[in-house]
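Everything below concerns the one structure shown next.
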There are 2 protein chains.
Amino acid sequence: MELDADFDAKLDKSGVRFTERDVELLEAIREHGSLNKAATELERSYSRSQQRIVELEDSFGQLVKRQRGGSGGGGSTLTENSEQLLGEFARLEAEFTGLTEVEETVFRGNVIYRDGELGTVETDAGDIRAIVPSVTDDVRVAVRSDAVTLHAANSVPETKTSARNQFQSTVTDIVDGDRLAQVMLDIDADTELIALVTQTSVKTLELTPGDAVLATFKTAGTRAYPVNPPYSE
Amino acid sequence: MELDADFDAKLDKSGVRFTERDVELLEAIREHGSLNKAATELERSYSRSQQRIVELEDSFGQLVKRQRGGSGGGGSTLTENSEQLLGEFARLEAEFTGLTEVEETVFRGNVIYRDGELGTVETDAGDIRAIVPSVTDDVRVAVRSDAVTLHAANSVPETKTSARNQFQSTVTDIVDGDRLAQVMLDIDADTELIALVTQTSVKTLELTPGDAVLATFKTAGTRAYPVNPPYSE
DNA sequence: GTCGGTTATATCGATGAGGAAACAACGGCA
DNA sequence: TGCCGTTGTTTCCTCATCGATATAACCGAC
């Protein structure tokens, strides 16, 4: 079985952690109109759920407008503040999910030049500008396939751009997905660089295996990390 | 106090989750050469730690070479397999961390065209091609600042590229960081687009407030996510 | 005023993760 | 052969989280 990257997203505020579990509770309240029904539906105890809401509101401000007594016995609705919190959480989760799903190419190399948090990593594919860790020179550089932009090889040399990493490459294979395609690129190294582009781009650039193409990616979007976390201190 | 995005990274295999806590244990073993000393150093019980190792190895294969008896009573060292697992985890954490630290611009809009998982989102900044959710048309589009590439405005129109989102913009401000800079861009919308680029790029492109510049970012790297239905259903 | 379903609150119990302690087995080494 | 500091294993305990239950307070509708 394959190694499967996963995560638990959280939003912290004043020491309280808003988690996936809280999202479920709030959404159930929105759906059912009462904290009681929400807890029942989720098969959770009402008392704990109610206490959790109070605890969250201590840090995050009012999340649920609760009415005790009245028409239908009362009920609960979400505040606008609550909706914003849910939106923020959804965004975070979507981003994390995106990270775990996208292929990336990893190059092993050494930091041969440093300039603050930036640096140049020497790899068998050539030098790569990236954000480098300060603890060690022995690093790996990860290039996300959705961060690699392709350009027609005969286009003007891309000097006037903020993409500081540029590689002349040859298309070796195109792996078609639904509407996206992974373009495998030979950049004269052991590892192939992968670029995730739309099928539209494949057509526009008229990409077929064997074609020359210019691959670029930004320094700011490229991150190096230590090969082995140093056991220093 | 500010909302603080956080996460717990995990690597799953056969139902067992490798977490930050396991990383600490393995690294302590590497540092101290014995499971016993590692557990003591981390102020954990030896028995639990040993059981955890066995549990992990059940799914992930041998992680720790343990010798009972012998010179010095024995000891433990990490396997190559273990080092690779640690490397993979470090990479994942680095990516997640990067995500929580990078600014992004969020546009609200509606999906006006769909093509499988891709789509066009109409926003006040214009149409944006992105990966869109299938559940709703009411979305927000997040553009990571480290995914936005800048080009000299007088450069040839970028038709031959896989960056399908292109905006002619005006630099309104440049916020200098250490070696990176956030370039704030007016794209004729309420929200300013932020591009994170190196100081080198700022110089190369001779960027100053008021300048025209072409900002591009890829469809495959742009993700839309549902806006929570405020009070529907 | 009564009804009814809700929120609010306290107490007890179940569950699971991890710690504490004890002890056997191991195997180079003097 | 005995020593010593490991690994392996078991039993019992602690603690935190959550469910289960009971009870009171609430208030519009009838």
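Here is the naming used below: chain letters follow the sequence lines, and residue numbers restart at 1 for every chain.
Put simply, A:R66 has a side-chain N or O that comes within less than 4.0 Å of OP1 or OP2 on C:dA8. Proximity of A:S71 to the phosphate of D:dG28: no side-chain N or O atom is located under 4.0 Å from OP1 or OP2. The side chain of A:S34 places no N or O atom within less than 4.0 Å of a non-bridging phosphate oxygen (OP1 or OP2) of C:dG5.
Side chains of A:R129 and A:T120: a donor-acceptor N/O pair is present below 3.5 angstrom, by distance only. At a cut-off of 3.5 Å, with distance as the only test, no side-chain donor of B:S145 or B:Q182 sits close to an acceptor on the other residue.
Between the CD atom of A:Q50 and the P atom of C:dG5 there is a distance of 20 Å, rounded to whole Å. Across the protein-nucleic acid pair, B:Y46 atom OH and C:dA21 atom P stand 17 Å apart, rounded to whole Å. We find that NZ of B:K65 is positioned 15 Å from P of C:dG27, with the value rounded to whole Å. As a whole-Å value, the separation of A:R48 CZ from D:dT17 P is 9 Å. Separating the CD1 atom of A:I29 from the P atom of C:dT6 is a distance of 13 Å, rounded to the nearest angstrom. Taking atom CZ of B:R68 as the reference point, atom P of C:dA24 lies 13 Å away to the nearest angstrom. As rounded to whole Å, 14 Å separates atom C1' of D:dA22 from atom CG of A:N36. Atom-to-atom, CG of A:L25 to P of D:dC18 comes out at 11 Å; the value is rounded to the nearest Å.
At a cut-off of 3.5 angstrom, the base of C:dA8 holds no donor-acceptor pair with the side chain of A:S47. Not a single donor-acceptor pair, N or O on each side, falls under 3.5 Å between the base of C:dA21 and the side chain of B:S45.
Using a cutoff of 4.0 Å between basic side-chain nitrogens and carboxylate oxygens, A:E95 and B:R144 are not scored as salt-bridged. A salt bridge is absent between B:D4 and A:K13: the closest approach of a Lys/Arg side-chain nitrogen to an acidic carboxylate oxygen does not fall below 4.0 angstrom.
Nearest-nucleotide positions on DNA chain C place A:G70 closer to the 5' end than the other of A:G33 and A:G70. Remark on DNA chain D: of its neighbouring residues A:Q67 and B:S76, the 5'-side contact belongs to B:S76, judged by nearest-heavy-atom nucleotide.
At the heavy-atom level, B:R21 lies under 4.0 Å from the strands shown only through sugar-phosphate atoms. Nucleic acid contact class of B:Q51 (heavy atoms, under 4.0 Å, all strands): base.
Using cut-offs of 30° and 60° for the angle between ring planes, the A:F217 and A:F167 rings count as parallel.
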